[in-house]
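Keep in mind it's a predicted model, so treat the numbers as computed, not measured.
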Amino acid sequence: MTDIKRYNIFILLSTMARNVVEIFSSVLLYKFGYSIKEILLFFTILYLIGGITSALTIYLTRIIKPKYILIISSIIFSGSFYFMSIMDKTFKNLIIFSVIYSVGCYTYHSLRHYFAIKAIDNDKRNSIGN
């Protein structure tokens, strides 16, 4: 199996694993009593903050070593679920959870791609995702 094929399988499996957690979080929010509108707001905030976080994460790799950002990302991601387990059903807590979860999740996603692309030879980078 080629390195590119292994990389594409890694991206597929790691993305599926993280997205299962994302679906799980929305189911838990529903079980906590949040409405569908509030869960859609959760996803809206999640993806808006996620886009900003992804751009900032790549910029921060110039200042801070990526492995340290990844460690902080894992702590934030775990912390978001701790916060979810203790939060009351309020609109404010939903927004706070969305932001914390988004920062933890999208710093990881950005760095996963960053590390993988850095590890692949320059001539093979063009065939990623094909």
Do [X] and [Y] belong together in a cluster built from hydrophobic side chains that touch within less than 4.5 Å?
{"X": "Leu41", "Y": "Val27", "value": "no"}
{"X": "Leu48", "Y": "Ile58", "value": "no"}
{"X": "Phe42", "Y": "Phe91", "value": "yes"}
{"X": "Ile52", "Y": "Leu111", "value": "no"}
{"X": "Tyr68", "Y": "Ile63", "value": "yes"}

Please report, to 0.1 Å, the donor-acceptor pairs under 3.5 Å made by any side chain of residues 74-83, with sequence neighbours excluded.
{"from": "Ser74", "atom 1": "OG", "to": "Leu70", "atom 2": "O", "distance (Å)": "3.2"}
{"from": "Ser78", "atom 1": "OG", "to": "Ser74", "atom 2": "O", "distance (Å)": "3.0"}
{"from": "Ser80", "atom 1": "OG", "to": "Phe77", "atom 2": "O", "distance (Å)": "2.6"}

Using a cut-off of 6.0 Å, state whether more than 12 heavy atoms not belonging to Phe24 lie near its atom CZ.
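No, the 6.0 Å shell around CZ holds no more than 12 heavy atoms from other groups.
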
Within residues 88-101 or reaching into it, pairs that qualify as side chain to side chain donor-acceptor pair (under 3.5 Å) - sequence neighbours excluded
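Applying side chain to side chain donor-acceptor pair (under 3.5 Å) to every pair that reaches into residues 88-101, excluding sequence neighbours, yields Thr90-Asn93.
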
All pairs passing side chain to side chain donor-acceptor pair (under 3.5 Å) where residues 48-65 contributes a residue, at least two apart
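Of all non-adjacent pairs touching residues 48-65, those that pass side chain to side chain donor-acceptor pair (under 3.5 Å) are Ser54-Ser110.
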
Results of side-chain contact (heavy atoms from CB on, under 4.5 Å) for Ile39 - residues two or more places apart only
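Partners of Ile39 under the side-chain contact (heavy atoms from CB on, under 4.5 Å) test: Ser26, Leu29, Tyr30, Tyr34, Phe43.
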
In chain order, what residues pass the side-chain contact (heavy atoms from CB on, under 4.5 Å) check against Leu13, with sequence neighbours excluded?
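Result, side-chain contact (heavy atoms from CB on, under 4.5 Å) vs Leu13: Ile9.
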
Check side-chain hydrogen bond (donor to acceptor under 3.5 Å, both in side chains) between Tyr47 and all other residues, then give those that pass, not counting sequence neighbours.
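Residues passing side-chain hydrogen bond (donor to acceptor under 3.5 Å, both in side chains) with Tyr47: Glu22.
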
Please list, chain by chain and in numerical order, all residues satisfying side-chain hydrogen bond (donor to acceptor under 3.5 Å, both in side chains) with Ser73, sequence neighbours excluded.
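With sequence neighbours excluded, Ser73 shows a side-chain hydrogen bond (donor to acceptor under 3.5 Å, both in side chains) to Thr107, given in chain and number order.
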
Before you tell me yes or no, could you show the steps for Leu46 and Tyr106 under side chain to side chain contact (heavy atoms under 4.5 Å, CB included), namely the whole-Å CA-CA distance, both residues' side-chain angles and the distance that decides it to 0.1 Å?
CA-CA 9 Å; Leu46 175 75; Tyr106 284 94; 4.2 Å; yes

How many angstroms lie between atom CE of Met84 and atom CG of Leu94, to the nearest 0.5 angstrom?
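Rounded to the nearest 0.5 Å, the CE-CG separation comes out at 9.0 Å.
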
Other than Met16, what residues sit in its cluster of Ile, Leu, Val, Met, Phe, Trp and Tyr side chains whose heavy atoms are under 4.5 Å apart, directly or through others?
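Members alongside Met16: Leu12.
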
